[in-house]
Structure formats: C-alpha cells, structure tokens
Amino acid sequence: MQLGVCYYPEQWPRSMWADDARRMAELGITHVRIAEFAWSRMEPRAGEFVWEWLDEAIDTLAAAGLKLVLGTPTASPPKWLIDAHPDVLPVRADGVRWNFGSRRHYDISSETYRRECVRFVTAMAERYGQHPSIVAWQTDNELGCHDTVPSYSSAALTRFHAWLKRRYENVDALNDAWGNVFWSMEYSSFEAIGLPNLTPTDANPIHLLDFRRFMSDEVASFHREQIEVLRRHAPAADLLHNFMGFFTTFDHYRFAEGNALDVAAWDSYPIARTESIALPEEQKARYARTAHPDVSAFDHDRYRAIGAGRFWVMEQQAGPVNWATWNPVPAKGMVRLWAYEAFAHGAELVSYFRWRQCPYAQEQMHSGLNLPNNELSPGGLEVQQAAREIAESAALSGLGAPARAATAVVFDYETQWMFEIQRHGKTFDYQTLVFDYYEALRELGLDVDIVSSKADLTQYRLVVVPSIAVIDDALVDQIEQSSAQWVFGPRSGSKTPAFAIPSSLPPGALQRVLPMQVLEVETLRPTLAPAVCIGDTHGVAMHWREHVRANSETRVDAQFNDAWPAILASGRVRYVAAWLSHALHRAVLEQAAKDAAIEVQLLADGLRIRRRSDLTFAFNFGAEQVQAPAPANATFVLGQPQLATGEVCAWRDAQTR
Ligand code: GAL
C-alpha cells in the first residue's frame, strides 16, 4: 500500500522544488510522477534538448527519498512540431482538423508523428533510462482522452487499407464478408475503400466495426513503439500506461498482450465519473458527494485483470475537479476512503492528482493536495491521515495480494463497439448493462473479477456474462469444462465476427449447451414495460427484450406477463432474455450464486465490502450510518464497525482464516 502524487516541476519556480520534495516525503508519499506534458521545455526547438532543469527536478525528488515515474510527453506535441508538420493535427468525423492550443492534438496514424515520438522518447530514455530512482515509465497520457481516437485523416485511411489487406487478403473476400452486395457497396480494390464517415445514412456496420478494430490496434501499436524504446534503455523499470475509467474506445486486453505492460494504471475521478455516466438521476443525486459505490470498484476490478494482477491508480481525485457537469466538493473522508478502496481491490500504489492546485491555465479550478498558496488542502489532510495509519499498521502496510474471486464478470470491448454501432434502441448501452449486473453482485457482498471471455474461466464458481455479441466455440468449451454456474444476458451470441446474424439464430453457439432460439427482438420505450417476477421480486423489462422459443429440454424459470419466457435455463447455464429492472437482476444472480454454493449477504444501502488477503474492508458511501457486517470475534485493524458517511474499516476475521 503505497501513496504517490503527480507533480509538475515545470509549472513552479525552482526555489520551491526542494521544499515540495521534503513535504511530499514527510506526508508519507513514496512515488512521484512527472514530465508527461513537458515536451516544450525538454525540447524547445527541433533537436535542441534542454535536460538540465529535469535533471535537477529528478535529483531533488530523489534526494528526498522519492521514487519517480517518468511520463513521455507525447500527449502534448509542442508548437514548433505542429508548425513544421501541420498534418500531425487530427481530423474529426465531420472532416474538420483540430487546432493547436490544448493537448492530445495529434493523429495517432500519422507516420510523421510516430517518427517524432520515437525520436524524442529515445533521447529521453537514453538520458534517464538507467536512473536508479526512476522506477517506472508511463507512455503518453490517457490515450484516447477528449475523443481523440479515431482520426479521419488520409494517414488513417492509408494505414486502414494496409490493415484491411492483412485481414482479408483480397478484396473479394472483403466484399463477401462485409455483404457489400447490399446497396451496391462492392469495391474493386482495397484502395477504393473510404473511411466510414460522412455517409448520408448508416455506413455498413462491419465497415464501422473494422474501422474501430483498426483504430484500437493503432492505439496499441502507438504505445508499443514507445515500449520498444523503453525496454531497451530502461530494462529495470516498470512500464505502464494510465488508462481511464469507463473507457472503451480501444480493446485494453489486446493493448496489454505480449510484453506491452508491466502494470495497468488508471485514473480515478469517482465523483466526476458518477456525474458523467448513464446512471438514473436519483442515484447521481444520492451519491453526488461520495460517488456511486461501484464506480471506482468496477474499474479497479477491470484493470487488475488487464495488468495480470498488477494495477496502480496513477491519478486519484483529491478534491473537486473541473471537468464534469457539476463538480462538488467530496464528502468528508472520501479522499482517504478511495485510497483504501483501491488497496482493498488490489492496487499497489494510489497516486493523487495533483501535488498543488495550479492557479493558471486550463486546470486552475482543479484541486490538489495543496491549495495554490501551498497549504495542505482538505484532501491533502486526509491523505496525511491515511499515510500515517498505513505506516503505523503492519497489517495494512504488509498486506498480501488479493486472491482470485469466486465470481467473474465477463467484459468484452468488441461487444461495446457492436452495440454502439447498432444500438437498435436509444437507451441500450452495453457497459451500463454490465455495470448493473456488477452493482447487483457487489450489493450481495461478493468480490468480483472482471475478465475477458478469453481468460481461463474454468476456475470460477459463478461466471456472469451480462452480454457478449459473439459466442465462439471456445467459450462454450469453457462452459463445458467448468463446473461453474453461468448467467448470460440478452443479445448474447446475436452476431458473428463479421457483424451478421448467426445462421442458427441467436444465441449462436450457446445453443450447444442451452437449446433455445431468439426469434424476434424489441427495444422498449419507457411506456413499454413487460412485467415479470422472480420469486417474490417484481419488476419489468427495460430497454430491450427478446421473444424466445425454448426447446423442450430447456427450463423456463420465469415468464413475462404476456407469456414470453424471461429466464431460460439448462443445467448450469441461465439465459436472461431482457434487460431487467435492477432488483430482478439481483434476484437472478442471488439464485445463481446460491446454486454455486457462494454465500451472499444483502448489504445495507451504500455499504460495500472487499476482501484482500486476510482482511475484509467495509466502506460507507451512503447518507446514513451503517454497521459493517463483521463477525463478533473480528479484530479491527482500521476504524470500527459503525460507519458514518465516508468512513472505512477493516478487520481480520478469525473464523475464515
Ligand atoms: C486526467 C488527466 C490529467 C488531468 C486530470 C484532471 O484526465 O490525465 O492530466 O487533466 O484528468 O482531472
């Protein structure tokens, strides 16, 4: 459990650096990330490197005993580079080029920009790769942020052609796979294919999907070009990238494949995220100052898998931020709580954004651990408290790694893209559906791993697939090889990899283990709400429902009031034929968990628990005081069982260890 901070020495007079470093160390901070936006200071003119200030900043921080994470500054190409190569600026879907004057103003497919990045990162890595205090390198910053992937440039088009050639080999195969006979969309060469923007009506969904797959690969290859340089020059350092919450524009599993990452880091702004995702207004209001109890946990659990067990929070909200629709001050205790929450989910490091609020430029309304006058902010004081508690507790500072959870939720990036391309109804959003299932599992007190469908799923006792567009034979093999309970949600198996309806009808290959067929599907305006009950839980279908034909061997566990099956099952596999209201999802999952012999406990509103090693942590995100569900003989290593809003406790529980 280590604490870090993001620091921008270039934004402050040198006379402050030594004191900043001393105060960081005194506060209990061990890691400092620097440099990720400082290109114009490291290379003020083409080829003219000025390292001396950075040498001094690094040495000053290192002298205070701090470990450094060095960011490559490629998210903010300087003006001279843009003036020399204006085609580096990216092109939006409407054909307009972005301007210089903020950040992320580069086209990820630009060969010129890629060359410039490799050139610069090589120089930086040659200079600092062996520095003993630099323990990690971050590539770029939040790839894809500000909607900067994709780019609709001629550079992207050229590379898209090459990508299509590798995938289809000849254009007839592409025409065939894409179904281009429809609307006379056939092409006579790869070069004749355009980008899927600026079409009068929908472009072919497989054209859009392949473009998204291509762009996802572009992001990964852009990162890898830097990783190759860094591996050569900084072989001892951990290499990472800082991903974002609820962000699905590229496939993070593919991004991490091979040797591309040592640690998955992500940036956690729970209140701003709660404000910006598709949650009911009533929940946004309820959790306005604490953030929704599952919003950070969801990404902790996702990035833990992406980092193959190793994840950091590279930027943690330290107070009010500047970029959501509304930016309230967090409830007292939350800045401390979020650190423990990340640790409970397995984070090795929680690094706050930022050391001090910057009184000028774009982020002047964004808090830090210090106010602009250098006094510790309310968030800074909470970090001080957490750092002391951890330092004084062997149980906390020496906490072991989290174990595999009994329950897995499968998250699939291509499914997000396919259902975004073809929502079919205004309110269908895949990630929101996954989140609804995840929330239900967490309300039942369960620890969850969020994993890829390609991961080894056979060791779990309960596998929840809220939806997955393509079900391949390999996934069905996993069902057969495991002894888990499996729950599939609507639209599962509804597509082939070429974005067509499977010839056997949905749910495609799942029919091997669950004989049923989806005959018709409907999206539901809010006034259409077929009712259903599961046990004594009553609710409705929302957004999406399917009309399903069950085979005679298939059980129908619940039916809608108009007699269509709602839950179908065969052996250990269940299929939920609609997006159900939340309590119904929880009822289905509770039943499946019981069948999997997993103990569930419905937690008080706003309360969440998470186990790591021999400790159980409890967190109160709700407005009322709650009691943590610790056994009578539990030994508390942090806090106590009565939790007011924003409070956390942790205990060792004699009977389970
Ligand atoms: C992140 C970004 C940081 C900073 C922060 C403000 O998205 O990586 O550089 O802008 O947001 O919340």
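We count residues from 1, following the sequence as given. Keep in mind the model is a prediction, meaning the values are calculated, not measured. Both backbone and side-chain heavy atoms feed into the values below; hydrogens, waters and symmetry mates do not. In each ligand, atom 1 is the first atom listed, and ligand 1 is the first ligand listed.
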Between Gln226 and Thr74: side-chain donor-acceptor atoms closer than 3.5 Å: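 Yes - a donor-acceptor pair under 3.5 Å links their side chains.
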Does the side chain of Asp59 come under 3.5 Å of the side chain of His131 through a donor N or O and an acceptor N or O?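 Looking only at side-chain atoms, His131 and Asp59 do form a donor-acceptor pair, the distance falling under 3.5 Å.
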Is a side-chain N or O of Arg22 found less than 3.5 angstrom from the main chain of Ala64, in a donor-acceptor match?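 Here the side-chain-to-backbone pair does not exist.
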Any side-chain heavy atom of Val50 within less than 4.5 Å of one from Arg41?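 They are not in side-chain contact.
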Without placing hydrogens or testing angles, list every side-chain donor-acceptor pair under 3.5 Å for residues 240-247, not counting sequence neighbours.
from, atom 1, to, atom 2, distance (Å)
His241, ND1, Thr139, O, 2.7
His241, ND1, Thr139, OG1, 3.3
His241, NE2, Leu143, N, 3.0
Asn242, OD1, Gln138, NE2, 3.1
Asn242, OD1, Glu142, N, 3.1
Asn242, ND2, Asn141, OD1, 2.8
Asn242, ND2, Asp267, OD2, 2.9
Asn242, ND2, Glu315, OE2, 3.4

Every residue of the protein that comes under 4.0 Å of ligand 1, judged on heavy atoms: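 Ligand 1 is contacted, at a heavy-atom distance under 4.0 Å, by Phe37, Arg103, Asn141, Glu142, Asp267, Tyr269, Glu315, Trp323, Phe353, Glu363, His366.
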Among Tyr437, Tyr438, Tyr430, which residue meets the ring-ring contact (aromatic ring centres under 6.0 Å, His included) test with Phe411?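 Among the candidates, only Tyr430 passes.
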